Amino acid sequence: MRINPESIGVQVVKDMEEDKGFSCKYCSEVFEERKNLYYHIRTKHSVDVSEENVAEGLPSEERLACQSCSTTFSCKATLTRHMKRLHPEMQISSTEPAGRCPFFPHCDVKVNHGTNVMNHLKDAHDTAMVREELHFDSYNDFEHWKEEMCNETLTQYTQLRGKKVLDNGDERIYLNCHRSGETRPQGNGIRLRDPSKIVKTGKVCPARIVITTSADGVDVTYFKTHVGHVCCLKYLRCSHRDRAHIAGLLKDKVPMKVILEEIASQVPSQRRHAIDSQDIHNIIRDFNLDTSRCNKEDAVSVDVWVDQMGCLEVKDSPVIFYKRQNEMKIGDRFVKVEQFLEPEDFLLVIMTPYQRKMAEKFASSRILIDSTHGTNQYDFQLTTLLTIDEFGAGVPFAFCISNRINETAMKAFFSSVKAVIGPINTEVFMSDDYPAYHNAWCQIMSEPAYYLLCLWHVQRNWKKNVLLIKNNVKQAEIYRALQVLLVEMDENDFFYLRDAFLQMCKEDVDTAEFGEYFRKKYASNYSKWAFRYRQGLRLNTNMYLEAMHKKLKYIYLDGTANKRVDKCIAALLKLSNSVTHDRFVRLVKNKATFRMKAILKSHHTSMEIKEDMITTIHDGEVWDVKSSDINNLEVYRVVQDPKLKCQGCPLTCWGCGVCVHKYACTCIDSLIRGNFCKHIHACLRLKGGPAQAYEDLHPTESSDSMIEELEAMAESAPPREVSQVEDQRVKLSSLLSIVNGMSSELQSDANLKAVVEGAERLLTLVGKKIRREKLETDNEEPENVVPRRVPSFGDGTTTPFRPRAVERQLRFQSTKNKTSKTANSFSKPSPAEINSLKVLLCGGDALVVHSGSDHTYLPQSSLQTSFHLKAISYLLYTALLFAGFGGSGRLKRLSQRKRRKTEQVEDRKVLEGLLEEIFSQSAQLTKEESLKEVIQGVQDLMKLMFTEINRSSTKLLPALLA
């Protein structure tokens, strides 16, 4: 129990402009932490916090009481110390909170795991524990026994805390029943939890396993009695061994469906036989098998992935534009399109290197665009740009994930594509009836020669509005009239029919509203949807895009409602790789596409057309063919283009030996869909003649274009994977950048302080890791390298030499300009000055004088003479110091500081020779008077030097020579 702050006079200062604190009621001093306030009250005011707590009226029943005696305590720490000191057998672990008795609600006593609950069950409920002592040679043997025991008893055990190191060095681990304790609350409480699926009972089960690991093996104390719950499969979790096995299968690319089928084929008897798809998804999450997810947060994961792609070269990166949501900053490597976007916009454009090659090769012919929803949970839509290759297969060359589809977003999309491959001048541009695509394309790229609407979208809109007509008969009549307008090929007849249709709708009350809708929306835009104005363009619908989006959702997104953007990005990259692979197969093996299969089907259908139904207008070039339908009196004309030479075209009929571009027919199948119709096949069969050689139709080894295509495909391989080290480094950099940006949103000082403390702990962890890696690197033996050896000093053996070159860490350094320290007035004397002072100040009965290499002790009578001789020697030596011929100290520095730079070396040598001569000759003097005179002369010389060097030194000289 915590002490009530108000009972001891703690006042919490809540001011938004100042830091929170705790003030003392006795002296009003403020402390940052409550514990510092308690310490202050006990030491400064001699007031016991617990006594004051009782004196202020805290109810005694709120104090903590010992279960073994009547002693009460004000806080849990004192109770824990009391239990540990006086009642160790009843000690409650501070790391495991107390829980309910297994016989709750009949017993309200709070108990804990271990001996506490066992003693309570024995004393209060007369329930004895079944105990078993076991010994194993290794921990693996214990794990094997534990797994078999859990399978037989339908129980499991969990470890609540880390291992404990005993005084003798052994390690001890406690495993408790997995149903013991209370469930930890998760989430925000919005989703209701099924009580029957909660594993925890809210009570303390006495069953546990105590494991002691020592050098002799593993000793196990097994308490096998479970109290307060039943043991059944319903409450068991999937074991770690089974989860790891399934994770290994998933890592080996075994499909989830195959794993579930294998589990279902086994006889159900254990928990692993109840594994379902949700368990497998949890395994994928826990073992980090989902490579598309870089972070738990979707926005962070996408941001990290973009940064990873930023480590690649610009030509290799699939990301050509990226803008974060709620941020206007755009990366330096992306085109600047801020004028098109709002701060809340999200825009990601993906274009792989091979997609750029395909756009440069085929986009000038036909371009299709469409958007789809349902690829994420944020209502972001996926917009795809697609072109058609020479095989008649759709090739997507750009993806855009954006939060809105309008003209400004499409301008940003097209601008990013233009920045990579340049402007695209396409002949045909097809979209649905939403004008934003075409308007943005014309402003960024160029206006296409033909702007077509997808016929499927047009028909869907017509049906939707026709159903608003109340009369069912009129609904059918209006829809049939629309189909007549759609397929009319003659321009004059089309205009006549259009006007007549509008007049018919206007005159009828039930159809007037639909007629007005058609007049505003489609009557003036006839060139975008009528067959008359799309002849020979070989494009009718954007089913290429619809099929691709269906493949994305039902194959690469598993046909489920996808929620995350990063998973959608991964699916798009897989789809792009699949499209590249399919094209490679078509180039190498000439694999048939839908268009190629349609040509073969038309060839077989042409057998229905008899020779008498074909009329030759111009031999070998023009034919008229009657329809094979007896109800259709239409006559189609087939025309050959003699100038066209299309070699190597894959859209070729193998039986006729002619490509689809060589002939044209007036039927819808040929003019609108661009197919090799049955009428052309029938005319070629009538014409007869040998078919063209296969090598001429499909040159492979000699095709320069195919060789260039394969080389470009090899060069534009999927982006390389960033190494795990680089991957994690980029992830960390992105996360830190995001945390830094998120910190600006924190307004509470307490929250900021908590974030800072977390950053400090992280920094400490990084330092530990760096040191550990450095230590491991130093201890690692390099391969094929002989380490340097140093001889030992004992047995003569050699040991490897590994220098501990510790990497220098970041440290603070001073930037202050350093200046030399000024000498104090009272500095320590140098050794020469000390000797001079000794000569002047010392006295005694005898002195030690060196004569050669022998020591001679002078008699007392010669003390004065020897003293003066030594004084002369020290004075001369001091004079040499002043003259700058050796030694050190303050006097020498003074002389050097004031000495004239123009003093010549010869003069110094002369003075040096004179002083040395004086010193050598003074040793020959035996009379005291003579020696005194010499000393006086040396002193005069020194006075002169002092006067010239520093005038202030003359004050020290009398005291020095007195």
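Just so we're clear, the structure is a prediction, and the values are computed from it rather than from any experiment.
- Ring geometry for Tyr522 against Trp529 counts as perpendicular: the plane angle is over 60°, on a 0 to 90° scale with 30° as the lower cut.
- Thr580 is not listed as a side-chain neighbour of Thr352, based on a closest heavy-atom distance of 4.5 Å or more.
- In this structure, Phe414 and Trp441 have perpendicular ring planes: the angle between them is above 60°, well past the 30° mark.
- A donor-acceptor pair under 3.5 Å is formed between the side chain of Arg498 and the backbone N or O of Ala523.
- The backbone N or O of Lys521 sits less than 3.5 Å from a side-chain atom of Asn525, completing a donor-acceptor pair.
- Not a single donor-acceptor pair under 3.5 Å links the side chain of Lys474 to the backbone N or O of Thr511.
- In this structure, Arg583 contributes its side chain and Ala393 its backbone to no donor-acceptor pair below 3.5 Å.
- No salt bridge links Arg480 with Glu477; every basic N to acidic carboxylate O contact stays at or beyond 4.0 Å.
- Here the side chains of His373 and Asp379 are not in contact, with every heavy-atom distance at 4.5 Å or above.
- The heavy-atom pair separating Asn675 from Val660 by the smallest distance is C-CG2, 3.9 Å.
- In terms of heavy atoms, Arg637 sits closest to Thr666 at N-OG1, 3.1 Å.
- Side-chain atoms of Arg595 never come within 3.5 Å of backbone atoms of Phe676 as a donor-acceptor pair (strictly under, hydrogens ignored).
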Tell me, with the steps shown, if Val458 and Asp433 meet side-chain contact (heavy atoms from CB on, under 4.5 Å). CA-CA 7 Å; Val458 173; Asp433 54 357; 5.5 Å; no
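- Panel note: side chain Ser606, backbone His603; a donor-acceptor pair is recorded below 3.5 Å.
- Under the 4.5 Å side-chain criterion, counting only non-hydrogen atoms from C-beta, Cys683 is in contact with Ile614.
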Under the side-chain contact (heavy atoms from CB on, under 4.5 Å) rule, what do Ile369 and Met430 come out as? Steps first, then yes or no, please. CA-CA 7 Å; Ile369 185 172; Met430 174 175 282; over 6 Å; no
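- With hydrogens and angles disregarded, a donor-acceptor distance shorter than 3.5 Å links the side chain of Asn562 to the backbone of Arg564.
- Inter-residue side-chain proximity for Ile421 and Met351 is flagged as met; some heavy-atom pair is nearer than 4.5 Å.
- A 4.5 Å side-chain heavy-atom check between Asp370 and Cys454 finds every atom pair outside the cut-off.
- Taking the centre of each ring, Phe495 and Tyr526 come in below the 6.0 Å mark.
- Using a 30° and 60° split on the angle between ring planes, Tyr451 and His438 fall in the parallel class, below 30°.
- Of the candidates Phe518, Tyr496, Phe494, Tyr479, Phe501 forms a ring pair (Phe, Tyr, Trp, His ring centres under 6.0 Å) with just one, namely Phe518.
- In this structure, Tyr434 and Tyr437 have perpendicular ring planes: the angle between them is above 60°, well past the 30° mark.
- Nearest heavy-atom pair, Ala398 versus Val417, reported as atom, atom and distance to 0.1 Å: CB-CG2, 4.2 Å.
- Under a cut-off of 6.0 angstrom, the local environment of CG in Asp612 is crowded, with over 12 non-hydrogen atoms contributed by other residues, nucleotides or ligands.
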Report the C-alpha distance between Leu486 and Phe531 in whole Å, list the side-chain angles of each, state the deciding distance to 0.1 Å, and finish with yes or no for side-chain contact (heavy atoms from CB on, under 4.5 Å). CA-CA 6 Å; Leu486 181 65; Phe531 282 2; 4.1 Å; yes
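- At a threshold of 4.5 Å between non-hydrogen side-chain atoms, the residues Gln443 and Glu407 count as touching.
- Side-chain rings of Tyr378 and Phe346 stay apart, their centers remaining 6.0 Å or farther from each other.
- Checking Glu546, Lys553, Lys550 one by one against Thr372, the side-chain hydrogen bond (donor to acceptor under 3.5 Å, both in side chains) holds for a single residue, Lys553.
- Between Cys677 atom SG and Ile599 atom CD1 the span is 11.0 Å, to the nearest 0.5 Å.
- Expressed to the nearest 0.5 Å, how far CD of Glu427 lies from OG of Ser365 amounts to 6.0 Å.
- With contacts defined as side-chain heavy-atom distances shorter than 4.5 Å, the pair Leu455/Met543 does not qualify.
- Residues Tyr636 and Ser670 are not in side-chain contact: their nearest non-hydrogen atoms beyond the backbone lie 4.5 Å or more apart.
- Gln355 and Ser576 make their closest contact through NE2-OG, 3.4 Å (heavy atoms, listed as atom of the first residue, atom of the second, distance).
- In this structure, OH in Tyr354 is found 9.5 Å from CZ in Phe584, a value given to the nearest 0.5 Å.
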Can you check side chain to side chain donor-acceptor pair (under 3.5 Å) on Asn406 and Thr408, steps first, answer last? CA-CA 6 Å; Asn406 55 14; Thr408 56; 2.9 Å; yes
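- By the neighbour-count criterion of 12 heavy atoms within 6.0 Å, atom CD of Glu491 is densely surrounded, having more than that number from other residues, nucleotides or ligands.
- Checking side-chain atoms of Thr387 against main-chain N and O of Ala359 turns up no donor-acceptor pair under 3.5 Å.
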Between Arg532 and Glu488, is the side-chain contact (heavy atoms from CB on, under 4.5 Å) condition met? List the steps. CA-CA 6 Å; Arg532 170 66 182 84; Glu488 180 56 45; over 6 Å; no
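- For CD of Glu261, the number of neighbouring non-hydrogen atoms (other residues, nucleotides, ligands) closer than 6.0 Å is greater than 12.
- Geometrically, Arg586 engages Phe391 in a cation-pi contact defined by less than 6.0 Å to the ring centre and at most 45° from the axis.
- Salt-bridge formation is not detected for the pair Arg356/Glu360: no Lys NZ or Arg NE/NH1/NH2 atom is positioned less than 4.0 Å from an Asp or Glu carboxylate oxygen.
- To the nearest 0.5 Å, atoms CG (Leu382) and CE (Met548) are separated by 6.0 Å.
- Checked by atom type and distance alone, the side chain of Ser415 pairs as donor or acceptor with a backbone atom of Lys411 at under 3.5 Å.
- Of the charged side-chain nitrogens involved, at least one lies within less than 4.0 Å of a carboxylate oxygen, so that Lys551 and Asp582 count as a salt-bridged pair.
- Taking NZ of Lys567 as the start and OG of Ser292 as the end, the distance is 7.0 Å to the nearest 0.5 Å.
- Taking both residues in full, the closest heavy atoms of Pro318 and Met309 are given as CD-SD, 3.6 Å, listed atom of the first, atom of the second, then distance.
- Minimum heavy-atom separation, Ile320 to Ser416: CD1-O, 3.8 Å.
- For the pair Asp389 (side chain) and Gly392 (backbone), a donor-acceptor distance under 3.5 Å is present.
- For the atom pair CD (Glu608) and OG1 (Thr605), the distance works out to 6.0 Å, reported to the nearest 0.5 Å.
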